[in-house]
Amino acid sequence: MDGSAGQKNKPKYMTGIDAAVSIISGKWKALILYQLEDGALRYSQILNGMEYGITQRMLTKELREMEESGLISRTVYPETPPKVEYAITEKGRSLMPILDQLCHWGCQHMADQLEYNCAEECENTAE
């Protein structure tokens, strides 16, 4: 034990896959990253862009977790009313090729089970 307070609350992972899956786990994080890929968005823009109906409470939770893990950044502008924007970080951007591969796999192997099957999305993930 090194005694540093900051290390006490950091999660420990057994393997790299354990760490990676933990960081992007859940239904919403990948979808949020895809929205932020083209630039910073405000909370309401992210909420309105979610096609599957995420709740405000869940979006807030996911954004906080993603900020804590370094996938996104949160910028508060000193205005009235306050303006807050979320943007993908380099760490988050480094996940995009992996998420693209997962999307491609889903289109190739789970197409018969997809409720929403956007042909363009599947074409964009083709190799």
Contacts of E65 meeting salt bridge (Lys or Arg N to Asp or Glu O under 4.0 Å) (sequence neighbours excluded), chain-then-number -> K29, K61
Can you name the residues that form a side-chain contact (heavy atoms from CB on, under 4.5 Å) with [X], not counting sequence neighbours?
{"X": "T80", "answer": "none"}
{"X": "A19", "answer": "Y13"}
{"X": "A20", "answer": "none"}

To the nearest 0.5 Å, what is the distance between [atom1] ([X]) and [atom2] ([Y])?
{"X": "I88", "Y": "I32", "atom1": "CD1", "atom2": "CD1", "value": "11.0 Å"}
{"X": "L63", "Y": "L36", "atom1": "CG", "atom2": "CG", "value": "7.5 Å"}
{"X": "M96", "Y": "C103", "atom1": "CE", "atom2": "SG", "value": "9.5 Å"}
{"X": "L95", "Y": "Y34", "atom1": "CG", "atom2": "OH", "value": "10.0 Å"}

Shortest non-hydrogen contact between [X] and [Y], atoms and distance:
{"X": "R74", "Y": "V76", "result": "NH1-CG2, 3.4 Å"}
{"X": "Q35", "Y": "G49", "result": "NE2-C, 3.5 Å"}
{"X": "L71", "Y": "L33", "result": "O-CD2, 4.2 Å"}
{"X": "S73", "Y": "T89", "result": "N-CG2, 3.6 Å"}
{"X": "G53", "Y": "W28", "result": "C-CH2, 4.2 Å"}
{"X": "I54", "Y": "L47", "result": "O-CD1, 3.6 Å"}

Is there a side-chain contact between V84 and Y43 (heavy atoms, below 4.5 Å)?
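Counting from C-beta outward, V84 and Y43 never come under 4.5 Å.
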Restricting to pairs with a member in residues 87-98, which pass salt bridge (Lys or Arg N to Asp or Glu O under 4.0 Å), not counting sequence neighbours?
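For residues 87-98: none.
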Step-by-step side-chain contact (heavy atoms from CB on, under 4.5 Å) determination, I98 to I24
CA-CA 11 Å; I98 297 163; I24 61 167; 5.5 Å; no
With a 6.0 Å cut-off (strictly less than), is the heavy-atom count around CD of Q56, excluding the residue itself, greater than 12?
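At most 12 heavy atoms, drawn from other residues, nucleotides or ligands, come within 6.0 Å of this atom.
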For residues I23 and V21: do they belong to one hydrophobic cluster (side chain heavy atoms under 4.5 Å, members Ile, Leu, Val, Met, Phe, Trp, Tyr)?
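No: no chain of side-chain contacts under 4.5 Å links I23 to V21.
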Could you work out, with side chain to side chain donor-acceptor pair (under 3.5 Å) as the rule, every residue matching S94, not counting sequence neighbours?
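Checked S94 against side chain to side chain donor-acceptor pair (under 3.5 Å); zero matches.
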